[in-house]
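Report on the following structure.
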Amino acid sequence: MFQLSRSVAVASLVSLLGQCSLATAQPTSTDAIVVDGTTFALNGDNVSYRFRVDNSTGDLLSDHFGGSVTDPIPTEIVSAVNGWVGVPGRIRREFPDQGRGDFRMPAVRVRQTEGYTVSDFQYQSHEIKQGKPALPGLPSTFGNEEDVTTLVVHLYDQYSDVAAALSYSIFPKYDAIVRSASVTNKGKGNITVESLASISVDFPYEDLDMISLRGDWAREAHRERRSVEYGTQGFGSSTGYASHLHNPFLALVDPATTESSGEAWGFSLVYSGSFSVDVEKGSQGFTRAMLGFNPGQLSWPLAPGETLNSPECVAVYSSNGVGGMSRSLHRLYRNHLIKSKFATDDRPPLLNSWEGLGFDYNATSIYQLAQESAELGVRMFVLDDGWFGDKYARTSDTEGLGDWVPNPRRFPDGLADTVNNITDLKSGNTSTNLRFGIWMEPEMVNPNSSLYREHPDWALHAGSYPRTQRRNQLVLNLALPEVQEFVIESVSNILNTANISYVKWDNNRGIHEMPSPSTDHAYMLGIYKVFTNLTTQFPDVLWEGCASGGGRFDPGVLQFFPQIWASDDTDAIERITIQMGTSLAYPPSAMGAHLSAVPNQQTGRTLPVAFRGHVAMMGGSFGLELDPATTPEADKAALPGLIALSEKVNPLVLKGDMYRLSLPEDSDWPAVLFISEDGAQAVLFYFQLNPRVDHSIPWIRMQGLAPEAMYTVEGKGTYSGATLMNIGLQFPFDTDYGSKVVFFEKQ
Ligand SMILES: *[C@@H]1O[C@H](CO)[C@@H](O)[C@H](O)[C@H]1NC(C)=O
Ligand SMILES: *[C@@H]1O[C@H](CO)[C@@H](O)[C@H](O)[C@H]1NC(C)=O
Ligand SMILES: *[C@@H]1O[C@H](CO)[C@@H](O)[C@H](O)[C@H]1NC(C)=O
Ligand SMILES: *[C@@H]1O[C@H](CO)[C@@H](O)[C@H](O)[C@H]1NC(C)=O
Ligand SMILES: *[C@@H]1O[C@H](CO)[C@@H](O)[C@H](O)[C@H]1NC(C)=O
Ligand SMILES: *[C@@H]1O[C@H](CO)[C@@H](O)[C@H](O)[C@H]1NC(C)=O
Ligand SMILES: *[C@@H]1O[C@H](CO)[C@@H](O)[C@H](O)[C@H]1NC(C)=O
Ligand SMILES: *[C@@H]1O[C@H](CO)[C@@H](O)[C@H](O)[C@H]1NC(C)=O
Ligand SMILES: CC(=O)N[C@H]1CO[C@H](CO)[C@@H](O)[C@@H]1O
């Protein structure tokens with residue numbers, strides 16, 4: 001029998017239990033990191049994150065993550081212990097461990113040498129570092145001493161001699177806190193880390209909605225909003241990659257939060273492998289949110305002295321709705337995640353050979369296609385799949401992957417000869433040379449290849465279980481140093497043989513059989529090593545990530561590759577949803593988006609060429625996916641103008657702030673406004689999805705403009721920001737699938 005719960009002040013709880021002191025010390029400064037004894041505050045321009053040590057237990061307790069609070073905060077009152085849930089299950093914790101009365105999901109689970117999974121991590125010390133140290137072997141946000149400050153809290157489990165460290169970095173201008181965790185075996189026996197979250201936040205709120213991005217191949221990043229219910233709910237990936245199925249991103253929002261108002265917390269995991277996102281509303285009414293490794297694919301062995309570092313998770317807070325949350329993430333990622341020199345550099349409009357020629361070409365027909373592309377005004381020609389393999393020539397998807405030598409029959413004079421001829425072509429009517437890009441899929445192997453004949457053990461497998469093929473291919477085990485070397489060498493060789501300015505790095509299947517669960521993370525450490533090597537060796541190459549479309553669209557990849565192909569679905573209507581969804585977490589600069597031939601290869605739909613072009617130019621990397629020789633004349637005639645327009649909007653898309661004015665899931669008239677960093681220019685993208693007969697012409701209201709400033713709107717006149725935001729503008733459409741691109745100039 002239990003007494004009914006009742007609330008007691010901390011003081012009486014302490015006397016009741018004789019063990020639990022929750023009194024708070026009180027930092028009051030607005031410095032980025034304020035420490036008072038063992039009470040910690042991280043302060044951004046508009047965010048505070050506060051936590052403290054419970055001196056009697058050594059546990060780290062959460063106080064606040066939300067709007068700015070720089071004053072002393074009220075002492076927390078904790079409900080008395082009645083029933084089964086112990087004190088650890090009634091408080092908000094920073095690093096919940098397992099086995100001592102907190103029945104919610106643990107952020108860490110260590111199988112100790114003796115086999116049990118209890119642990120007790122207690123505060124030991126802390127340190128503050130100006131700037132932000134890199135995370136060993138893993139991608140991470142970066143910044144100098146003015147941008148970011150880091151607090152590291154060291155914890156120790158004295159019963160098992162296991163140490164943990166929690167790293168908190170604050171980027172004050174972005175209202176972003178970046179968290180990671182590590183576990184070190186300080187004992188004499190082997191232990192296994194069974195789960196480790198990068199971040200775990202306990203919110204004192206019972207009513208929250210969660211927003212995530214779900215999908216599948218060719219329909220990535222569909223926004224899903226649901227209310228957080230009692231118990232656990234979550235999603236993740238066990239594919240070995242971030243995957244199309246769920247993106248490593250979570251937003252928690254107040255149920256009343258909209259695109260432009262209300263509180264929103266965004267969490268984005270800087271990792272490209274299997275992951276787990278869990279949200280749990282516990283019996284006490286708190287909501288725990290956790291992102292990190294997928295515990296089903298970790299079991300990471302730690303010998304004495306070894307450490308496991310979690311990836312880092314970025315957490316941003318905004319009181320300006322989901323849009324405000326996205327813009328914080330966009331700015332942070334543009335300035336402090338993407339390392340490429342092309343992060344905010346104009347991207348060359350390109351033409352990719354795939355939809356035009358597929359596997360069926362030779363040096364002559366490729367050169368011809370490049371010539372036709374150059375005439376249209378593109379700045380880069382990309383040779384897609386089909387150019388490599390000798391004994392097992394890549395002329396279909398049944399062979400050749402792994403044999404990274406140019407096909408001598410298709411390129412009898414060598415690849416360099418073709419590249420030289422193509423880069424001698426002039427783009428459009430300009431004197432600028434065409435650039436050349438190439439497609440590769442370096443992590444894969446076809447059993448029909450010389451590589452596989454020589455090294456069958458390099459493919460991922462589990463003992464004698466059959467090696468499941470997808471698209472006739474297997475995945476190389478990037479956890480092996482010899483495979484890392486092989487990939488570095490294969491790609492370097494190709495890049496050294498010809499003047500190649502761009503690489504599209506594809507990856508067309510998930511991981512099935514693995515030698516052990518920990519291979520999942522070991523693979524990631526391996527591939528990050530390869531990415532680091534190649535992007536350091538070839539900093540002038542523009543790298544684009546791709547994995548059957550958006551199968552690896554994550555912040556880990558963005559560290560190395562400034563752009564990622566958002567989806568194999570190039571249907572412009574589908575793309576509005578996919579690109580707007582992707583923009584929840586990722587800057588538009590990061591999205592590859594192409595105008596493709598009609599009827600669309602995936603949906604069979606035929607859309608006007610302008611509509612296709614306008615949707616594609618909302619992505620940072622614009623291109624064409626068609627064969628000019630078979631493109632209808634009227635469409636072809638429109639292409640030079642659309643390419644030129646894409647170059648005009650590109651700087652705003654790459655560096656501007658994005659406002660999603662209306663969403664395709666809510667409205668027949670989705671719209672996006674990009675505003676330059678200095679606010680001097682803006683460009684509106686406005687679409688009509690379905691034709692409307694005899695319907696009033698809707699008013700589209702802007703956001704993010706200066707109310708007092710005057711703006712000249714192309715073709716409309718000059719209006720104040722207040723008028724444009726509070727009343728808006730009308731744009732009639734006189735055809736099916738209408739689209740408008742409208743420039744604004746601030747006076
Ligand atoms: C907890 O311990 C730290 C370090 O000994 C001390 O600075 C701090 O004042 C203590 N806090 C409380 C609330 O007793
Ligand atoms: C710990 O693991 C290593 C490597 O797996 C093994 O060689 C060693 O014998 C193990 N040590 C103990 C004490 O079990
Ligand atoms: C290249 O292909 C075209 C058409 O597919 C063909 O006419 C031509 O003879 C081929 N050229 C070479 C060198 O194989
Ligand atoms: C190897 O390639 C041939 C075609 O050259 C194909 O028929 C066969 O299915 C391929 N084998 C595998 C294992 O993909
Ligand atoms: C490249 O140009 C040279 C010189 O004009 C020519 O001999 C060669 O055939 C061309 N190669 C290709 C693949 O177009
Ligand atoms: C090049 O100039 C010609 C003649 O003025 C024009 O028809 C064509 O569209 C131009 N090409 C591009 C890519 O601008
Ligand atoms: C490589 O091609 C680019 C674009 O055509 C050109 O600007 C550059 O000079 C070329 N570099 C070399 C070494 O030929
Ligand atoms: C890349 O890897 C190669 C092969 O291991 C090595 O020789 C080279 O030094 C590495 N380069 C960088 C920049 O890491
Ligand atoms: C949206 C919001 O509250 N913005 C504020 C963030 O903090 C800066 C500096 O403290 C203010 O100027 C903004 O108004």
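For this chain, numbers begin at 1 and follow the sequence in order. Remember, it's 1-based here, ligands and their atoms both numbered in the order they're listed.
Less than 4.0 angstrom separates some heavy atom of Gly37 from each of these atoms of ligand 1: 7 (O). Of all atoms in ligand 1, listed by their number and element, those nearer than 4.0 Å to a heavy atom of Asn55 are 1 (C), 2 (O), 3 (C), 8 (C), 10 (C), 11 (N), 12 (C), 14 (O). Remark: ligand 1 atoms within the under-4.0 Å shell around heavy atoms of Thr38 are 1 (C), 2 (O), 3 (C), 4 (C).
In this structure, CD1 on Ile500 lies 5.5 Å from CG on Leu495, to the nearest 0.5 angstrom.
Closest to atom 5 (O) of ligand 8, if we only count protein heavy atoms, is Glu485 OE2, 2.7 Å.
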Report the C-alpha distance between Tyr271 and His521 in whole Å, list the side-chain angles of each, state the deciding distance to 0.1 Å, and finish with yes or no for ring pair (Phe, Tyr, Trp, His ring centres under 6.0 Å). CA-CA 10 Å; Tyr271 194 54; His521 182 54; 5.7 Å; yes
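Contact annotation for Glu489 and ligand 8: no heavy atom of the residue comes within less than 4.0 Å of the ligand.
Between Tyr49 and Phe65, the angle of the ring planes lies from 30° to 60°, which puts this pair in the tilted group.
The distance criterion of under 3.5 Å between nitrogen or oxygen atoms is met by Asn190 with respect to ligand 2.
By the definition of a contact as any protein heavy atom under 4.0 Å away, atom 11 (N) of ligand 2 is in contact. The presence of a protein heavy atom under 4.0 Å from atom 8 (C) of ligand 2 is confirmed. Under the 4.0 Å distance rule, the nearest protein heavy atom to atom 14 (O) of ligand 2 falls inside the cut-off.
Between the side chains of Gln563 and Arg347, at least one donor N or O sits under 3.5 Å from an acceptor N or O. Under 3.5 Å, the side chains of Gln284 and Ser79 contain a donor-acceptor pair of N or O atoms. Looking only at atom types and distance, the side chain of Tyr123 has no donor-acceptor partner in the side chain of Asp59 under 3.5 Å away.
Counting only non-hydrogen atoms, the option in Thr532, Ile488, Asn533, Val487 that gets closest to atom 2 (O) of ligand 8 is Asn533.
Between Trp505 and Phe531, the distance separating the two ring centers is shorter than 6.0 angstrom.
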